[in-house]
Chemist: 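Dumping the structure here so I can ask a few things about it.
Quantities reported herein were computed from a predicted structural model and do not represent experimental measurements. Below, chains carry the letters A, B, ... as their sequence lines are ordered, and counting in each starts from 1.
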Amino acid sequence: MPELPEVETIACRLRPDLVGRRILQLEARWPKSLWPSPEAVRACEGRQVHRVDRRGKHLLLGLSGGSWLAIHLRMSGRMEWAGPHLPEPRHARTLWHLDDGRCLVMADARKFGRVIFTQDLAGTFVDLGPEPLGDGLTPAVFAARLQARDRAIKPLLLDQTFLAGLGNIYTDEALFRARLHPLTPASALTRAEATALLTAIREVLREGIAHCGTSLDWIYPDGRMQEFLRVYGRAGAPCTACGAPIVRAVLGQRGTWTCPRCQPEPGVSGYSPRHALPARRTRPP
DNA sequence: TGAATTGTTATCGT
DNA sequence: AACGATAACAATTC
């Protein structure tokens with residue numbers, strides 16, 4: 001489940017306890033999760049953790065010698081502590097035994113998570129899109145990237161090579177706040193719509209981080225953002241903006257929640273005019 | 001029991 | 001080439 005705000009929360013929580021620790025031993029109980037190979041990841045042994053960061057949905061551990069561990073939790077991964085007085089979590093897949101007697105654990109029920117060891121962080125992320133909260137992603141840059149793609153906006157936002165860090169939850173929330181239907185062609189967005197979308201993306205991500213992420217089920221506990229979601233998982237409930245029932249559809253194999261009134265589908269006749277909305281969809285000749 | 005699940009990737013067809 | 005659809009990965013929960 002973890003998307004950008006959840007991984008950011010995990011990084012912030014681990015940082016004070018992890019920076020300065022030395023990795024004594026790697027315990028690989030599900031070697032398939034270790035990339036490029038279990039032997040390669042073993043090179044983290046003996047190294048000290050210098051920093052804890054995030055890139056997209058990856059948790060980054062900066063190690064001595066210029067090497068990195070990049071951990072992707074995919075669907076069901078969690079980071080936990082184990083130790084003399086802490087019981088080991090269920091589904092422990094990779095364990096890092098540290099020099100203070102504690103043990104950092106990647107637990108992952110579905111085994112989709114990945115642990116990557118690399119000396120070349122830039123090379124590892126060469127195909128990863130820009131950080132949505134990064135300074136380099138100006139409205140102009142974002143609008144230009146959208147213009148270049150002939151694709152529905154929702155699957156594009158989920159594409160990590162286009163933008164790093166959005167998952168199903170925050171994508172639906174951002175599109176709702178920007179009043180855009182998920183099937184709107186990316187290249188059809190005006191400059192104003194692109195700017196509004198970037199603002200909406202940053203708002204939902206910052207709000208998600210401020211609330212320590214979204215806790216929808218047993219996988220990711222402790223977050224509070226689920227109380228502030230406006231469309232995701234709210235099928236049938238009234239839209240927070242207009243009162244119309246939120247609709248669930250399946251789009252690109254993913255559950256997709258929208259307000260049919262606030263996010264009218266482009267090109268579909270039969271819906272009422274965009275009353276209070278500025279005419280944004282038509283591009284000047 | 002059966003359906004659904006937050007993410008990513010390979011593959012196929014258009 | 002780019003895109004959409006599909007399955008696969010694997011397990012758990014409701």
Chemist: Could you tell me how far apart A:Leu251 (CG) and B:dT6 (P) are, to the nearest whole angstrom?
Modeler: 13 Å
Chemist: Looking only at atom types and distance, does a side-chain atom of A:Thr94 sit under 3.5 Å from a main-chain N or O of A:Met106, one as donor and one as acceptor?
Modeler: no
Chemist: Can you list every pair that meets side chain to side chain donor-acceptor pair (under 3.5 Å) and has a residue in residues 156-173 of chain A, with sequence neighbours left out?
Modeler: A:Glu6-A:Tyr170, A:Arg151-A:Asp159, A:Lys154-A:Asn168, A:Lys154-A:Asp172, A:Asp159-A:Thr161, A:Tyr170-A:Thr214
Chemist: Check whether A:Leu14 and A:Ile23 end up in the same hydrophobic cluster, where Ile, Leu, Val, Met, Phe, Trp and Tyr are linked by side-chain heavy atoms less than 4.5 Å apart.
Modeler: yes
Chemist: Can you give the donor-acceptor pairs under 3.5 Å from side chains of residues 126-143 of chain A to other protein atoms, not counting sequence neighbours?
Modeler:
{"from": "A:Glu131", "atom 1": "OE1", "to": "A:Arg54", "atom 2": "NH1", "distance (Å)": "2.9"}
{"from": "A:Glu131", "atom 1": "OE1", "to": "A:Arg54", "atom 2": "NH2", "distance (Å)": "3.1"}
{"from": "A:Glu131", "atom 1": "OE2", "to": "A:Arg55", "atom 2": "NH1", "distance (Å)": "3.0"}
{"from": "A:Glu131", "atom 1": "OE2", "to": "A:Gly56", "atom 2": "N", "distance (Å)": "2.5"}
{"from": "A:Thr138", "atom 1": "OG1", "to": "A:Val141", "atom 2": "N", "distance (Å)": "3.1"}

Chemist: Using residues 235-253 of chain A as the side-chain source, report each donor-acceptor pair under 3.5 Å to any protein atom, sequence neighbours left out, with the distance given to one decimal.
Modeler:
none

Chemist: Output the rounded distance in Å from CD (A:Glu3) to P (B:dT5).
Modeler: 14 Å
Chemist: Sequence neighbours left out, what pairs pass salt bridge (Lys or Arg N to Asp or Glu O under 4.0 Å) with at least one residue falling in residues 24-44 of chain A?
Modeler: A:Glu27-A:Arg29, A:Arg29-A:Glu88, A:Arg42-A:Glu45
Chemist: Quick one: side chain to side chain contact (heavy atoms under 4.5 Å, CB included) partners of A:Pro89, sequence neighbours excluded?
Modeler: A:Arg78, A:Glu80, A:Ala82, A:Val105, A:Ala107
Chemist: Kindly state each residue pair satisfying side chain to side chain donor-acceptor pair (under 3.5 Å) with at least one member in residues 109-121 of chain A, sequence neighbours excluded.
Modeler: A:Thr118-A:Thr124
Chemist: Whole-Å distance between B:dG7 P and A:Tyr170 OH?
Modeler: 11 Å
Chemist: Could you give the distance from CZ (A:Arg254) to CG (A:Leu158), rounded to the nearest 0.5 Å?
Modeler: 6.0 Å
Chemist: Quick check on A:Arg15: does its CZ atom have over 12 non-hydrogen neighbours (other residues, nucleotides or ligands) under 6.0 Å away?
Modeler: yes
Chemist: Work out which heavy atom in A:Cys259 is nearest to a heavy atom in A:Phe176; give both atom names and the distance.
Modeler: CB-CE1, 3.8 Å
Chemist: Keeping A:His58 on the side-chain end and A:Leu60 on the backbone end, is there a donor-acceptor pair under 3.5 Å?
Modeler: no
Chemist: List in numerical order all residues of residues 26-33 of chain A for which some heavy atom is under 4.0 Å away from an atom belonging to DNA chain C.
Modeler: A:Trp30, A:Lys32
Chemist: Give the residues of residues 106-117 of chain A touching DNA chain C, defined as any heavy atom closer than 4.0 Å, sorted by residue number.
Modeler: A:Ala109, A:Arg110, A:Lys111, A:Phe112
Chemist: Dump every N/O contact between nucleotides 8-12 of chain B and the protein below 3.5 Å, one line per pair.
Modeler:
{"from": "B:dT8", "atom 1": "OP1", "to": "A:His72", "atom 2": "NE2", "distance (Å)": "2.9"}
{"from": "B:dT8", "atom 1": "OP2", "to": "A:Lys57", "atom 2": "NZ", "distance (Å)": "2.8"}

Chemist: When you list every nucleotide of DNA chain C with an atom under 4.0 Å from a heavy atom of chain A, which one comes first 5' to 3', and which comes last?
Modeler: C:dC3 to C:dT13
Chemist: Which one of A:Leu18, A:Leu24, A:Asp17 satisfies the side chain to side chain contact (heavy atoms under 4.5 Å, CB included) criterion with A:Leu98?
Modeler: A:Leu18
Chemist: Nearest whole angstrom, please: distance from the C1' of B:dT6 to the NZ of A:Lys154.
Modeler: 11 Å
Chemist: Dot-bracket for DNA chain B, 5' to 3', with Watson-Crick and G-U pairs under 3.5 Å, [ ] for crossing pairs and | for other-strand pairs: what is it?
Modeler: .||||.||||||||
Chemist: Checking A:Asp150 now: which residues fulfil salt bridge (charged side-chain N to carboxylate O under 4.0 Å, His left out) with it, not counting sequence neighbours?
Modeler: none
Chemist: Roughly how many Å apart are B:dT1 and C:dC9, using the P atom of each and rounding to a whole number?
Modeler: 22 Å
Chemist: With the side chain counted from C-beta on, respond yes when A:Leu73 and A:Leu59 share a heavy-atom pair under 4.5 Å apart, and no when they do not.
Modeler: no
